[in-house]
Q: 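Next up is a structure, given as structure tokens.
As the structure lists them, so they are numbered: ligands from 1, and atoms in each ligand from 1.
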Amino acid sequence: MKEKRTSKRIAVVTGASSGIGYTFARALDQILHTTDEIWLIARSKERLEELSGQLRMKSRIIPMDLTSSADITSFEQLLQKELPSIRILINAAGLGFMGDFMGVEQHFQEETILCNCVGLTRMTRICLPYMAWNARIIQLASSAAFLPQPDFAVYAASKAYVLSLSTALGEELRGRGIYVTSVCPGPVSTPFFDKAEVFGKRLAIKNYVMVTPERVVYQALRDSKKRKRMSVCGVPMRAFYALTKLVPERFLLFCMRILKVAR
Ligand SMILES: NC(=O)c1ccc[n+]([C@@H]2O[C@H](COP(=O)([O-])OP(=O)(O)OC[C@H]3O[C@@H](n4cnc5c(N)ncnc54)[C@H](OP(=O)(O)O)[C@@H]3O)[C@@H](O)[C@H]2O)c1
């Protein structure tokens, strides 16, 4: 696949209105010196405008809903019109709802799958023809991708999808010099939990391993630069990842049951 004709060099950030995506946009604004524009994507136009006003770089606000097929098609048409060279794509938009499987309304489960899996896949697919040698893709997965999570089942499954997809895609794209990094943080102090905890509450242990979005983003950008396929922030999450590779899943799920009872 050949890169489509290039004009301006851009960075694309989804989920830029809040939390990790917002922090990525601010960090890119500081470190990208040969990129012409940063394209900011989320539904909340006002928050994107606010962010845009704070950036040094020229930015373009693209209010869109990643669960809407029509919105994604409009974005594809915008790329076809502008023919930019995408230097970095950050797929940070995402959401999840805690609570037992039947306790979370179907609509919210489907929104999770549509945004975290379908939206991310389509954005990646649409952007790839505009990416060339040394371009990078950063996908927000989660440490929830490492182990199925009772009471957060759909979210964890969606993130396992992101991790698997991105690892495979990274292998496919290596020959084209495009590098894919899956970011797998544990709990991060963002507004994510305001929505996530509508139907159920997090395990108390998550409060002790919470990190800032700045730490996650700093680590992710470093790991992406080193062309790492995965970025895991902090010792507790790296230890958790190792555990999921070494210890039988059944035992880890048993431990999670104990933690839930002790909550
Ligand atoms: N916070 C954590 O503990 C944590 C841990 C691991 C992984 N993650 C992952 O990190 C990513 C960012 O989460 P966060 O913590 O920054 O959460 P956040 O503060 O709630 O931000 C989520 C972002 O996604 C956007 N978004 C949600 N649904 C969307 C849709 N349908 N269309 C377009 N944009 C949409 C939101 O913008 P609008 O509402 O304006 O559309 C917002 O900008 C997510 O993929 C999340 O799963 C978070």
Side-chain angles (χ1 to χ4, degrees), residues 12-27 39-52 61-72 74-75 90-98 107-124 138-147 149 152 154-163 165-166 181-198 201-203 205-217 219-220 230-234 236-237 240-241:
V12 177
V13 183
T14 76
S17 64
S18 170
I20 298 172
Y22 172 90
T23 310
F24 262 116
R26 290 183 62 105
W39 289 15
L40 307 169
I41 295 175
R43 289 166 301 185
S44 164
K45 190 173 174 218
E46 300 73 36
R47 276 185 280 151
L48 293 180
E49 280 169 349
E50 208 176 293
L51 167 63
S52 169
I61 291 161
I62 305 173
M64 63 185 257
D65 183 346
L66 288 165
T67 68
S68 155
S69 196
D71 280 10
I72 297 188
S74 300
F75 180 69
I90 297 180
N91 275 313
L95 73 164
F97 296 91
M98 293 172 185
H107 162 76
F108 292 114
Q109 290 176 335
E110 289 176 1
E111 184 188 357
T112 302
I113 298 165
L114 277 176
C115 182
N116 297 7
C117 302
V118 181
L120 176 139
T121 307
R122 281 198 68 193
M123 283 300 290
T124 307
I138 294 182
Q139 312 278 43
L140 255 297
S142 164
S143 62
F146 302 154
L147 184 74
Q149 286 206 10
F152 210 9
V154 172
Y155 177 75
S158 77
K159 293 302 181 179
Y161 169 89
V162 173
L163 179 57
L165 172 86
S166 308
T181 302
S182 301
V183 183
C184 301
V188 188
S189 48
T190 71
F192 176 86
F193 290 101
D194 301 347
K195 241 182 163 180
E197 294 192 307
V198 171
K201 292 277 169 248
R202 76 191 93 154
L203 290 174
I205 193 173
K206 292 195 176 181
N207 297 328
Y208 300 105
V209 291
M210 186 84 72
V211 295
T212 63
E214 286 77 14
R215 249 187 93 183
V216 173
V217 165
Q219 172 93 46
M230 208 162 80
S231 176
V232 184
C233 178
M237 284 310 124
F240 176 54
Y241 177 63

Q: Among G15, G94, A25, A93, which one puts a heavy atom closest to atom 22 (C) of ligand 1?
A: G94
Q: Report the nearest protein non-hydrogen atom to atom 39 (O) of ligand 1: residue, atom name, distance rounded to 0.1 Å.
A: R43 NH2, 3.0 Å
Q: May I ask whether M210 has any heavy atom positioned less than 4.0 angstrom from an atom of ligand 1?
A: no
Q: Starting from atom 17 (O) of ligand 1, find the nearest protein heavy-atom neighbour and note its residue, name and distance.
A: F192 CB, 3.4 Å
Q: Of the choices S189, G186, S142, P187, which has the non-hydrogen atom that lies closest to atom 5 (C) of ligand 1?
A: G186
Q: Among protein heavy atoms, which lies nearest atom 15 (O) of ligand 1, and at what distance?
A: T190 OG1, 2.5 Å
Q: Considering only protein heavy atoms, which is closest to atom 16 (O) of ligand 1, and at what distance to one decimal place?
A: I20 N, 2.7 Å
Q: Does an N or O from C115, backbone or side chain, lie closer than 3.5 Å to an N or O of ligand 1?
A: no
Q: Under 4.0 Å, heavy atoms only, figure out whether ligand 1 is touched by the backbone of M64, its side chain, both or neither.
A: backbone
Q: Considering only the protein, which heavy-atom contact is closest to atom 36 (C) of ligand 1, and what is its distance?
A: S17 OG, 3.8 Å
Q: Hey, is K159 touching ligand 1 through its side chain, its backbone, both or neither, going by heavy atoms under 4.0 Å?
A: side chain
Q: Can you check which of L48, T112, V217, V188 brings a heavy atom nearest to atom 3 (O) of ligand 1?
A: V188
Q: Could you tell me, atom by atom, which parts of ligand 1 come under 4.0 Å of a heavy atom of A141?
A: 7 (C), 9 (C)
Q: Starting from atom 46 (C) of ligand 1, what is the nearest protein heavy atom, named by residue and atom, and what distance separates them?
A: Y155 OH, 3.5 Å
Q: Using heavy atoms and a threshold below 4.0 Å, how should the contact between Y22 and ligand 1 be classified: side chain, backbone, both, or neither?
A: neither
Q: Quick one: which ligand 1 atoms are inside 4.0 Å of a heavy atom on G19?
A: 16 (O), 19 (O)
